[in-house]
4 protein chains.
Amino acid sequence: MSEPAVGQERREQILEGAEAVFSEKGYAAARVDEIAEHAGVAKGTIYLYFSSKQDLFISLLEERCCSIGALFQEQLQGLRSPRVILRSLIETRIRFLLRHITLFQVVVQSMADFPDELQQRLLVVRRSVQAVETDVFSRILPPDYPVDTGFVASMVSGAVSTVVMERVHDGQFVDVEAMTDQVMAFLIHGVPAGSEDCQAGTNVLF
Amino acid sequence: MSEPAVGQERREQILEGAEAVFSEKGYAAARVDEIAEHAGVAKGTIYLYFSSKQDLFISLLEERCCSIGALFQEQLQGLRSPRVILRSLIETRIRFLLRHITLFQVVVQSMADFPDELQQRLLVVRRSVQAVETDVFSRILPPDYPVDTGFVASMVSGAVSTVVMERVHDGQFVDVEAMTDQVMAFLIHGVPAGSEDCQAGTNVLF
Amino acid sequence: MSEPAVGQERREQILEGAEAVFSEKGYAAARVDEIAEHAGVAKGTIYLYFSSKQDLFISLLEERCCSIGALFQEQLQGLRSPRVILRSLIETRIRFLLRHITLFQVVVQSMADFPDELQQRLLVVRRSVQAVETDVFSRILPPDYPVDTGFVASMVSGAVSTVVMERVHDGQFVDVEAMTDQVMAFLIHGVPAGSEDCQAGTNVLF
Amino acid sequence: MSEPAVGQERREQILEGAEAVFSEKGYAAARVDEIAEHAGVAKGTIYLYFSSKQDLFISLLEERCCSIGALFQEQLQGLRSPRVILRSLIETRIRFLLRHITLFQVVVQSMADFPDELQQRLLVVRRSVQAVETDVFSRILPPDYPVDTGFVASMVSGAVSTVVMERVHDGQFVDVEAMTDQVMAFLIHGVPAGSEDCQAGTNVLF
DNA sequence: GATGAATGAGCCTTCATTCAT
DNA sequence: AATGAATGAAGGCTCATTCAT
């Protein structure tokens with residue numbers, strides 16, 4: 001009883017190669033050859049576990065999105081204070097992005113050529129990614145908050161993703177704690193921008 | 001001296017075709033054939049004005065980033081109130097994204113296969129895009145604002161991009177005014193998240 | 001006004017390469033590379049004129065079947081005597097087979113994987129091939145002939161094809177006149193096989 | 001002394017799978033996977049009994065040609081009347097073709113890529129197939145019959161094959177008795193085509 | 001300058017064959 | 001003996017790029 005779920009291991013091995021390459025190159029520019037090399041398997045082996053490059057891609061997204069859902073569940077378990085919850089959300093997401101960066105960007109791109117069946121699976125992935133954070137914000141935001149919860153979730157998610165990606169892309173080291181602090185400060189303070197009727201010349205409000 | 005700047009016109013024609021196709025498909029999935037068709041020129045003609053598909057792509061980014069810079073300059077001209085400036089920035093960016101969506105996403109992706117020279121040009125583009133908004137925020141944010149200005153600019157830009165892209169991608173109509181309102185409300189209010197030491201049960205801070 | 005119908009020429013060039021290779025190898029074993037080489041064009045060029053290997057194959061059949069129809073029309077024009085007509089039919093078919101041998105065999109094979117649209121085109125080809133000869137036999141056979149006309153046409157066609165193919169396949173030189181004579185003799189004499197009620201023991205009848 | 005000839009059984013099992021698949025798809029389009037599945041063995045097992053797909057194919061032909069030889073021997077045993085012999089030959093062949101259709105067609109195709117050794121074995125198969133029927137016709141045809149015996153055998157074989165294949169391919173049910181009747185009628189009557197010098201108007205000879 | 005037919009390198013995918021179990 | 005996961009060479013097809021007109 002030596003190797004449990006050998007098939008699953010091989011599958012995961014391929015998914016990791018796929019993640020590395022798709023993340024670096026995007027879908028279209030990624031070559032199956034390269035994925036196979038990263039995964040340490042032969043090209044043909046990939047097709048034993050996935051029916052096509054498209055299927056591999058969607059499967060990867062599905063896999064990784066489940067994992068972010070689980071991560072959130074785990075991290076947010078037992079937290080009460082909105083601020084702590086928010087901080088945990090941000091930090092978890094940053095850490096997650098550091099692993100899966102570009103992959104998540106790609107999700108939004110229009111995979112227009114994919115057949116309907118795969119488009120459906122892609123839609124499910126996108127919805128589930130949104131759902132996790134929307135859920136968190138619906139617990140945090142006050143009932144009279146003037147912006148739609150899903151909208152807030154999207155903006156926060158976009159803000160964090162962009163910042164992380166820029167840092168990573170520039171080859172900068174990312175200090176998760178410090179970055180979380182900055183994002184939190186931004187989210188909590190908002191952007192002080194003066195009253196609408198302020199007279200010209202006044203630059204600062206708060 | 002018959003047709004002045006005929007070359008420039010032809011060049012712009014091609015850039016427009018390129019923008020349409022790159023925006024819809026991303027870099028790798030875009031085909032030169034299709035760009036030529038969109039532009040209404042023969043495929044070979046493109047190579048009279050650009051040395052390669054890569055060059056065409058970078059050139060397009062350069063061109064369009066200048067244009068967003070110009071747009072901002074124009075729009076923000078003479079505005080004084082931070083709130084009005086911010087609103088104008090948001091609205092301009094939303095309108096811009098509605099035209100150039102995917103194109104901007106692509107900017108962040110690492111065009112890893114591009115030769116060094118083009119990588120340099122890409123870097124310049126990215127820096128200039130950041131600079132425009134960073135500049136705006138440096139005028140808006142109070143001196144003691146606890147978050148780095150460039151960081152804020154990135155987050156706002158990411159937030160707006162993500163929200164616009166999601167709406168567009170879902171095929172929803174985008175009401176620029178309404179969306180601007182929502183983004184502004186979010187930016188100004190921030191995310192009320194309670195004090196760090198707040199006892200459980202307290203939801204709102206501000 | 002030098003090159004009339006250059007496109008048609010190139011197309012025909014490719015069809016000739018295709019015929020050579022499909023005839024020699026059959027459909028599945030034929031490689032597009034090889035067809036291109038035979039035709040003296042690059043692989044990609046083939047796809048400017050035909051949408052796929054399957055399309056190329058069906059198009060070839062269509063092309064060549066029209067040509068056998070035309071050949072028959074031309075050859076049989078003005079012939080009156082049934083024997084002369086029959087002889088002409090046989091000879092024409094032999095000559096035709098010497099050029100298109102295996103190709104015609106393949107027509108009957110079940111191209112089961114082809115999409116419906118191409119199956120339709122294949123069916124049309126097969127029907128048209130049968131029609132030509134069925135038509136000839138309906139003019140030759142007496143009204144009270146005990147065998148269905150289409151059936152006779154098929155058998156004669158099968159008999160001739162098989163004989164030609166065997167000779168060609170064995171690398172024997174084919175003397176068209178002599179072979180036509182033999183086939184004619186066979187068709188006219190039939191196979192003398194004795195009366196049905198002959199008593200056992202009688203080996204020869206005539 | 002457990003299982004006598006287990007190896008032979010397994011071998012026959014594989015040959016049956018091979019026959020089913022080669023018959024339906026032809027040589028090149030047949031996949032070893034599918035043969036294994038039809039045979040109910042693992043893919044690797046096939047290579048314990050046959051050294052390659054090519055070997056399996058040739059072996060199958062050899063096997064089945066022996067079987068048609070045996071069939072003929074058995075069927076024709078004790079028959080005396082040429083007509084009865086001929087009828088039996090036709091009927092046996094039709095029944096055989098209904099089982100092995102495409103397989104036989106394929107024999108004629110030039111397996112050009114096969115190595116010399118296998119080409120030799122293929123040649124032997126083809127010769128033996130011809131020999132069986134040539135032998136029968138040499139017993140049936142009168143000594144002064146004007147057509148070469150092997151030639152007649154080929155033509156009859158081609159005629160029957162073609163007719164059977166067309167019916168099968170069109171999905172029509174094949175009534176063996178009725179078809180045998182038609183073929184016999186054709187063979188015995190021949191094609192009445194008038195004398196060579198016949199005056200127009202005379203249609204029938206016999 | 002403009003064209004678009006032609007090219008061929010390179011990609012996704014298949015499948016005969018091997019080999020560790 | 002039997003398995004079937006793994007392999008990798010080879011095939012169909014695409015598409016950036018060139019060049020004769």
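Just so we're on the same page: letters track the sequence lines, and every chain starts at 1.
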Notebook entry, point to check: Between C:K43 and C:E34, is there a donor-acceptor pair closer than 3.5 Å when you use the side chain of the first and the backbone of the second?
Noted result: no
Next item on the list: List for me each residue that meets side-chain contact (heavy atoms from CB on, under 4.5 Å) alongside B:S51, sequence neighbours excluded, and say none if there are none.
Entry: B:D55
Checklist line | From D:V32, D:D33, D:I35, residue fulfilling side-chain contact (heavy atoms from CB on, under 4.5 Å) relative to D:V21 | finding: D:I35
Next item on the list: Summarise protein proximity over nucleotides 11-17 of chain F in one line of letters, 5' to 3': B for base, S for sugar-phosphate only, - for none, counting protein heavy atoms closer than 4.0 Å.
Entry: SSBBSSB
Checklist line | Residue list, side-chain contact (heavy atoms from CB on, under 4.5 Å) with A:Q13, at least two apart or on another chain | finding: A:R10, A:V41
Margin query: Please determine whether a side-chain nitrogen or oxygen atom of D:R10 lies at a distance below 4.0 Å from atom OP1 or OP2 of F:dA2.
Written below: yes
Note to self: Just to be sure I follow the notation: if a pair is Watson-Crick (purine N1 to pyrimidine N3 plus N6-O4 or O6-N4) or a G-U wobble (N1-O2 and O6-N3), each under 3.5 Å, what dot-bracket string does DNA chain E give, with | for pairs to another strand?
What the structure shows: .||||||||||||||||||||
Item checked: Atom-to-atom span, CG of D:L118 to C1' of E:dA16 - whole angstrom -> 15 Å
Note to self: Using whole Å, what does the distance between atom P of nucleotide E:dA5 and atom CD1 of C:I14 come to?
What the structure shows: 12 Å
Notebook entry, point to check: When the distance from CD1 of B:I46 to C1' of E:dA2 is rounded to whole Å, what number comes out?
Noted result: 12 Å
Item checked: Interatomic distance where CD belongs to A:E9 and P belongs to F:dA5 [whole Å] -> 15 Å
Note to self: Whole angstroms only, please: what is the NZ-C1' distance between A:K25 and E:dC12?
What the structure shows: 16 Å
Item checked: Contacts of B:E16 that satisfy salt bridge (charged side-chain N to carboxylate O under 4.0 Å, His left out) - sequence neighbours left out -> none
Item checked: Spacing of A:Y49 atom OH relative to F:dT7 atom P, expressed in whole Å -> 9 Å
Notebook entry, point to check: Should the ring pair D:F114 and D:Y27 be called parallel, tilted or perpendicular, given that the plane angle runs from 0 to 90° and is split at 30 and 60?
Noted result: perpendicular
Notebook entry, point to check: With a non-hydrogen cut-off below 4.0 angstrom, is D:F50 in contact with a base, only sugar-phosphate, or nothing?
Noted result: nothing
Check: Expressed in angstrom and rounded to an integer, what is the separation of A:Q8 atom CD from F:dA5 atom C1'?
Finding: 15 Å
Check: Who pairs with B:E63 by side-chain contact (heavy atoms from CB on, under 4.5 Å), at least two apart in sequence or on another chain?
Finding: B:R11, B:L15
Next item on the list: Please report, rounded to the nearest Å, how far the P atom of F:dA2 is from the CD atom of D:E37.
Entry: 19 Å
Check: Would you say A:Q54 and A:P115 make side-chain contact, with heavy atoms under 4.5 Å?
Finding: yes
Notebook entry, point to check: Roughly how far, to the nearest 0.5 Å, is the CG atom of C:L118 from the CG atom of C:L61?
Noted result: 11.0 Å
